[in-house]
Amino acid sequence: MTITSPHLGSTDDWTDARLLFALEEVVEKELNRHLKVAKDWMPHEYVPFSDARNFPGYFEDGEAWEPEQSKVTDIGKIALVVNLLTEDNLPSYHHEIASLFGRDGAWGTWVHRWTAEEGRHGIVMRDYLLASRAVDPDKLEEFRMAHMAEGFESDNRHSMLHSVAYVAFQELATRVSHRNTGHQSGDPVCDRMLARIATDENLHMVFYRNLLGAAFELAPDLTMQSVRDVVVNFRMPGHGMPGFERAAAQMAIGEIYNMRIHHDDVIQPVLRYLKVMEIGGLGPEGLKAQEELGLYMNGLDTEAAKFDEKLAARKARMAARGK
């Protein structure tokens with residue numbers, strides 16, 4: 001669909017309600033496309049239940065968890081816990097997007113469908129972790145309780161456009177994190193499971209990315225400002241979980257998610273696909289946002305290059321010690 005609505009002279013005319021109404025047809029189109037390409041799958045088919053055994057507690061034959069029972073690498077354990085705890089906060093995410101996008105019409109259908117698909121991710125990851133004894137189950141539950149008890153409030157809950165821009169990048173970031181975790185896990189079963197999850201996350205990214213593209217056609221100045229704000233202030237949704245900063249640092253060193261990956265594999269692909277830096281005809285505020293976005297991306301690339309150098313030096317030191 002090509003949106004033919006004129007770009008209004010004043011950005012103040014675009015309320016969230018008007019934008020939701022104006023983009024409803026696009027949402028319906030993207031929803032129908034998504035339902036045609038998305039494939040249902042069964043979480044239990046990805047879990048090695050034959051490896052499972054009882055834990056202590058109700059069962060007299062329960063066997064306590066020990067680190068050596070896990071097939072997963074140390075960095076894989078860290079990333080799996082972060083990724084699962086992120087998925088665990090689904091009730092809060094649903095509340096956020098249902099409040100912003102509504103529960104009726106195409107928007108509501110998408111909100112509920114997205115929630116149902118995301119629910120599979122938490123189910124299969126938790127079942128895998130427990131059946132394979134990949135991580136300490138007691139600590140995992142303690143972390144879940146602490147994280148969910150804090151709730152979740154999006155940095156972008158004040159604006160529908162900011163929220164659409166955020167999830168366009170965040171869904172891709174989640175896909176990349178899951179996929180790289182699988183590669184680094186050391187367990188083919190885990191890698192296969194996370195590849196299946198990553199496929200869903202990529203489809204979710206496509207939905208929001210295309211919706212963001214439609215928003216650029218409709219309200220380019222406001223959308224450009226939203227993208228600038230989101231990119232400059234981007235945080236992963238799990239930032240509030242216990243020990244997140246330390247885990248994020250370890251995941252950066254482990255090349256699961258770091259500045260270089262964030263720049264090259266998350267932010268740039270979306271900007272490039274939508275040709276954000278090539279959009280013309282912007283008003284003063286939109287042009288300013290575009291310029292500031294470009295400057296930020298240049299700075300992020302520079303910082304990523306510094307990180308690359310430090311990581312390479314670290315690898316060289318570790319290799320030398322290994323000799």
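Remember, predicted model here, so these are calculated numbers, not experimental data.
Put simply, V164 and F234 are part of the same group of oily side chains (I, L, V, M, F, W, Y) that touch within less than 4.5 Å, one to the next. Residue F244 is grouped with residue V81 when hydrophobic side chains (ILVMFWY) are merged at heavy-atom distances under 4.5 angstrom, including chains of intermediate members. One hydrophobic cluster holds both L161 and L282 under the rule that ILVMFWY side chains link at heavy-atom gaps under 4.5 Å. No continuous path of hydrophobic side-chain contacts links F207 to L203 [ILVMFWY only; heavy atoms under 4.5 Å]. Taken together through direct or relayed side-chain contacts under 4.5 Å among Ile, Leu, Val, Met, Phe, Trp and Tyr, L212 and V111 form part of one hydrophobic cluster.
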Side chain to side chain contact (heavy atoms under 4.5 Å, CB included), that's the test. Do L311 and K315 meet it? Break it down for me. CA-CA 6 Å; L311 185 59; K315 288 180 177 179; 4.1 Å; yes
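The minimum heavy-atom distance linking A215 with T223 is given by the pair O-OG1, 3.1 Å.
We find that K71 and D187 are not joined by a salt bridge, their nearest charged nitrogen and carboxylate oxygen being 4.0 Å or further apart. With salt bridges taken as basic N to acidic carboxylate O contacts below 4.0 Å, one links D88 and R126. Using a cutoff of 4.0 Å between basic side-chain nitrogens and carboxylate oxygens, D61 and R53 are not scored as salt-bridged. Using a cutoff of 4.0 Å between basic side-chain nitrogens and carboxylate oxygens, R120 and D40 are scored as salt-bridged. Salt bridge status for R235 with D155: present, with a side-chain N to carboxylate O gap under 4.0 Å. With respect to the salt-bridge test (charged N to carboxylate O, under 4.0 angstrom), the residues E30 and R33 qualify. Salt-bridge annotation for E171 and R175: absent, with no side-chain N of the basic residue lying under 4.0 Å from a carboxylate O of the acidic one. Looking at K306 and E303, a side-chain N of the basic residue comes within less than 4.0 Å of a carboxylate O on the acidic one, giving a salt bridge. Residues E141 and R144 are paired through a salt bridge, judged by an N-O separation under 4.0 Å between the basic side chain and the carboxylate. Looking at D265 and R260, no side-chain N of the basic residue comes within less than 4.0 Å of a carboxylate O on the acidic one, giving no salt bridge.
For CG of D104, the number of neighbouring non-hydrogen atoms (other residues, nucleotides, ligands) closer than 6.0 Å is 12 at most. A 6.0 Å sphere centred on NE2 of H94 holds more than 12 heavy atoms belonging to other residues, nucleotides or ligands. Heavy atoms of other residues, nucleotides or ligands lying less than 6.0 angstrom from CD of E45 number more than 12.
The cationic group of R228 does not satisfy the cation-pi geometry with Y296, failing either the under 6.0 Å distance to the six-membered ring centre or the 45° limit from the ring axis.
Taking CZ from F216 and CE from M224, the interatomic distance works out to 4.5 Å, rounded to the nearest 0.5 Å.
Annotation: W110 is in aromatic contact with Y208 [ring centroid separation under 6.0 Å].
The aromatic rings of H204 and H34 sit tilted, their planes meeting at an angle between 30° and 60°.
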